[in-house]
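Residue numbers count from 1 along this sequence. Order of listing sets the numbers, starting from 1, for every ligand and every atom in it.
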Amino acid sequence: MKFETLKPKIKHIISQDHLSKDERIQEICTILESSIDYYNWVGFYFKNGDKQELKLGPYVGEPTDHTIIPFGKGICGQVAVSNQNFVVPDVSAQDNYIACSITVKAEIVIPIFVNGENIGQIDIDSNTPDPFSVDDERFLEFVCKEVAKLL
Ligand code: SME
């Protein structure tokens, strides 16, 4: 299965101590976007210091204006507050949603925890409607745990 094949590759990227933290996270974005056809924008947001806002980190895909997202705003901002996975099969059905591109149909956001604290998240946009399953959630939880080892 695709996710099982990707897991050792993710671990390998994380273990590359000669690369910076951001370089390794960037490589993770690249491998995810290029390996899964319905992952069309892959990025990480992190808590911006002591502020109640998220700041965009490494990503692959179209540039976005939303480099800072206040807690509570959009899908990402809601996950910063809820500490829960947020799977959106149809972004047009969401009231509290920040559109980055008109091609996006669905979104998944999974929080990253360090010592029990929600310090950021992986955010994936898809141009395919309703593409995400529980397998994506379990796999991306794995990715977030690996990334947390760097933080
Ligand atoms: N759609 C997100 C904003 C970030 S972009 O997808 C890159 C949201 O509603 O929080």
Side-chain angles (χ1 to χ4, degrees), residues 2-3 6-7 9-10 13-14 19-114 116-151:
K2 191 123 208 179
F3 292 144
L6 279 171
K7 281 182 177 182
K9 295 181 180 178
I10 300 286
I13 292 168
I14 296 294
L19 298 179
S20 71
K21 177 184 78 172
D22 273 4
E23 284 170 334
R24 283 179 266 184
I25 295 173
Q26 184 72 57
E27 278 204 21
I28 286 175
C29 294
T30 301
I31 196 175
L32 292 181
E33 193 270 344
S34 62
S35 305
I36 313 278
D37 57 3
Y38 56 91
Y39 289 7
N40 303 119
W41 189 96
V42 178
F44 287 82
Y45 283 93
F46 295 103
K47 187 169 192 283
N48 193 11
D50 289 339
K51 297 183 187 159
Q52 297 293 294
E53 64 183 30
L54 295 163
K55 187 174 180 202
L56 182 61
Y59 70 94
V60 165
E62 270 184 54
T64 175
D65 291 339
H66 305 288
T67 54
I68 298 284
I69 298 178
F71 280 16
K73 198 160 180 294
I75 308 301
C76 296
Q78 291 177 78
V79 169
V81 176
S82 72
N83 306 324
Q84 306 282 326
N85 297 349
F86 201 154
V87 182
V88 183
D90 173 8
V91 295
S92 72
Q94 293 292 318
D95 293 333
N96 190 357
Y97 170 69
I98 303 167
C100 286
S101 160
I102 52 161
T103 63
V104 175
K105 299 282 192 298
E107 179 162 4
I108 185 168
V109 179
I110 309 288
I112 301 170
F113 298 98
V114 173
E117 188 195 348
N118 180 353
I119 56 81
Q121 52 193 236
I122 188 168
D123 175 21
I124 298 178
D125 286 340
S126 181
N127 299 336
T128 303
D130 195 8
F132 303 115
S133 72
V134 287
D135 292 339
D136 292 272
E137 286 190 72
R138 294 297 91 79
F139 170 63
L140 294 171
E141 285 164 0
F142 166 87
V143 172
C144 285
K145 283 199 184 107
E146 288 297 315
V147 168
K149 292 177 183 171
L150 299 175
L151 306 172

So, is [X] polar-close to ligand 1, with some N/O to N/O distance under 3.5 Å?
{"X": "Ile98", "value": "yes"}
{"X": "Ile69", "value": "no"}
{"X": "Asp125", "value": "yes"}
{"X": "Gly77", "value": "no"}

For [Y], does its backbone N or O pair with a side-chain atom of [X] as donor and acceptor, under 3.5 Å?
{"X": "Lys2", "Y": "Ser35", "answer": "yes"}
{"X": "Glu33", "Y": "Cys29", "answer": "no"}
{"X": "Lys47", "Y": "Gly49", "answer": "yes"}
{"X": "Thr128", "Y": "Pro131", "answer": "no"}

Ligand-residue contact atoms, ligand 1 with [X], heavy atoms, under 4.0 Å:
{"X": "Tyr45", "result": "4 (C), 7 (C)"}
{"X": "Cys100", "result": "3 (C), 4 (C), 5 (S), 6 (O), 7 (C)"}
{"X": "Asp123", "result": "4 (C), 5 (S), 6 (O), 7 (C)"}

[X] and ligand 1 - part of the residue with a heavy-atom distance under 4.0 Å:
{"X": "Gln94", "value": "neither"}
{"X": "Phe86", "value": "neither"}
{"X": "Val109", "value": "neither"}
{"X": "Trp41", "value": "side chain"}

Worksheet item: Tyr39 vs Phe132 aromatic rings, parallel, tilted or perpendicular, using cut-offs 30° and 60°?
Response: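 Rings of Tyr39 and Phe132: tilted, as their planes differ by 30° to 60°.
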
Worksheet item: Within 45 degrees of the axis of the six-membered ring of Tyr45 and under 6.0 Å from its centre: does Lys55 put its NZ or CZ there?
Response: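 Judged by the rule, Lys55 and Tyr45 form no cation-pi pair.
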
Worksheet item: Do other residues, nucleotides or ligands put more than 12 heavy atoms under 6.0 Å from the NZ atom of Lys145?
Response: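 Counting other residues, nucleotides and ligands, NZ of Lys145 stays at 12 neighbours or fewer.
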
Discussion item. Under a 4.0 Å threshold between the charged nitrogen and the carboxylate oxygen, would Glu27 count as salt-bridged to Arg24?
Written reply: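 Looking at Arg24 and Glu27, the cut-off is not met.
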
Practice prompt. Give the residue and atom name of whichever protein heavy atom lies nearest to atom 8 (C) of ligand 1, and the separation in Å to one decimal.
Written response: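 Closest protein heavy atom to atom 8 (C) of ligand 1: Ile75 N, 3.2 Å.
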
Discussion item. Can you report which non-hydrogen protein atom sits closest to atom 2 (C) of ligand 1, along with the distance?
Written reply: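 Result for atom 2 (C) of ligand 1: Glu107 OE2, 3.2 Å.
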
Worksheet item: Among Val147, Asp123, Leu54, Leu56, which residue meets the side-chain contact (heavy atoms from CB on, under 4.5 Å) test with Phe44?
Response: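 Option passing the side-chain contact (heavy atoms from CB on, under 4.5 Å) with Phe44: Val147.
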
Discussion item. Taking only non-hydrogen atoms of Tyr59, do any sit less than 4.0 angstrom from ligand 1?
Written reply: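 False for this residue.
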
Worksheet item: Does His66 come within less than 4.0 angstrom of ligand 1, counting non-hydrogen atoms of the residue?
Response: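 No, His66 has no heavy atoms under 4.0 Å from ligand 1.
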
Practice prompt. Start with the C-alpha gap between Ile119 and Phe46, add the side-chain angles, then the distance that decides, and say whether side-chain contact (heavy atoms from CB on, under 4.5 Å) holds.
Written response: CA-CA 6 Å; Ile119 56 81; Phe46 295 103; 4.1 Å; yes

